[in-house]
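Here the structure comes first, spelled out in structure tokens, and everything after it is commentary.
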Amino acid sequence: MEIVTPGFTGRPRPEGVALPPGQYLTDDFPVLSATTTPRIDPAGWSVTVTTEHGVEHRWSWTQLLRLPQEKPVVDIHCVTRWSKLGTSWKGVSIDTLLADVESMADYAMVGCEGGYTTNLPLSDLLGGKAWLVHTYEGAPLHPVHGGPVRLLVPGLYFWKSAKWVTSIRLATTDSPGFWERLGYHDRGDPWREQRYQGDL
Ligand SMILES: Nc1nc2c(c(=O)[nH]1)N[C@H]1C(S)=C(S)[C@@H](COP(=O)(O)O)O[C@H]1N2
Ligand SMILES: [Mo]
């Protein structure tokens, strides 16, 4: 039985479901954007990976769709404390994308239409941990949620899951992205509660 408390925006935590510290559950899909929503025609969209040597690899929309597709079902955790369980997506794993990219880089800076950026260790993008997704719950990803293509990195706070992705720059050193420059953590592991710079 579920107890409904008026005014409580989350819902009781189902038994056996572990949430990262300080998070509550929501069934909604909140929208958090630092900019207005860009309208991107998939036909004109592409993502460019640039290695630390300046070598560029580019995929158009149709090229992305021709790569092997995966359907991750994952929990997502926003640093503003909402978590959403069992979200289902479709897209291309970053392992697949970078398979033929020659690089010794340890870090990535992800860039978006509109100027948003976020930095991640490459180890959080590889090993089946991250995808470029274009489909959410069986439908084309809505523009407010990052359509046509966003990054999905469920193992880190959701600000790392950049919407409207257009570039991934590989680098040998880490440098802060949009929120990271404003004080958010360079890694952002929700299980370690790495919300802000200085959190261990
Ligand atoms: N390009 C871009 N990506 C972004 C953001 C943004 O402002 N711009 N916000 C981030 C933050 S803080 C969160 S919590 C999630 C929110 O994704 P949603 O709006 O689909 O819930 O997107 C992340 N990716
Ligand atoms: Mo966020």
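All ligand and atom numbering here is 1-based and tracks the order in the structure.
Counting protein heavy atoms only, atom 13 (C) of ligand 1 is closest to Phe158 O, 3.7 Å. Closest to atom 17 (O) of ligand 1 among all protein heavy atoms lies Arg150 NH2, 3.1 Å. Remark: minimum distance from atom 9 (N) of ligand 1 to any protein heavy atom is reached at Leu32 O, 3.1 Å. Among all protein heavy atoms, the one lying closest to atom 21 (O) of ligand 1 is Pro30 O, 2.6 Å. Scanning all protein heavy atoms for the shortest distance to atom 3 (N) of ligand 1 gives Lys163 N, 2.8 Å. Scanning all protein heavy atoms for the shortest distance to atom 18 (P) of ligand 1 gives His145 ND1, 3.5 Å. Protein heavy atom closest to atom 24 (N) of ligand 1, with residue, atom name and distance, is Ser161 O, 3.1 Å. Of all protein heavy atoms, the one closest to atom 14 (S) of ligand 1 is Cys78 SG, 3.3 Å.
Contact annotation for Phe29 and ligand 1: only side-chain heavy atoms (C-beta onward) come within less than 4.0 Å of the ligand. Residue Trp159 touches ligand 1 through backbone and side chain together, judged by heavy-atom distances below 4.0 Å. At a 4.0 Å heavy-atom cut-off, ligand 1 touches Trp164 through the side chain alone. With a 4.0 Å cut-off on non-hydrogen atoms, Ala34 touches ligand 1 through its backbone as well as its side chain. Residue contacts with ligand 1, taken as heavy atom pairs separated by less than 4.0 Å, do not involve Glu113 at all.
Under a 4.0 Å heavy-atom criterion, Gly114 is not in contact with ligand 1. Heavy-atom separations between Gly146 and ligand 1 are all 4.0 Å or longer.
For His142 and Tyr136, the gap between ring centers reaches or exceeds 6.0 Å. When ring centroids are compared, Tyr184 and Trp159 come within the 6.0 Å threshold.
Proximity to Val31 (heavy-atom distance under 4.0 Å) selects the following atoms of ligand 1: 19 (O). Proximity to Cys112 (heavy-atom distance under 4.0 Å) selects the following atoms of ligand 1: 1 (N). Every atom of ligand 1 is numbered from 1 in the order shown, and the set under 4.0 Å from a heavy atom of Ala162 is 3 (N), 24 (N).
Ring orientation note: the planes of Phe178 and Tyr116 are tilted relative to one another, at an angle of 30° to 60°. Note on ring orientation: taking the six-membered ring where Trp is involved, the planes of Phe29 and His145 are parallel (angle under 30°, cut-offs 30° and 60°).
Under a 4.0 Å N-O distance rule, the pair Glu180/Lys160 qualifies as a salt bridge. Taking a cutoff of 4.0 Å between a charged side-chain nitrogen and a carboxylate oxygen, Asp124 and Arg187 qualify as a salt bridge. Salt-bridge annotation for Arg58 and Glu56: absent, with no side-chain N of the basic residue lying under 4.0 Å from a carboxylate O of the acidic one.
Within the 4.5 Å cutoff, no side-chain heavy atoms of Trp45 are placed close to those of Ser60. Looking only at side-chain heavy atoms (C-beta outward), Lys90 and Glu70 stay at 4.5 Å or farther from each other.
Side chains of His57 and Glu102: a donor-acceptor N/O pair is absent below 3.5 angstrom, by distance only.
Partners of Arg181 under the salt bridge (charged side-chain N to carboxylate O under 4.0 Å, His left out) rule, at least two apart in sequence or in another chain, do not exist in this structure.
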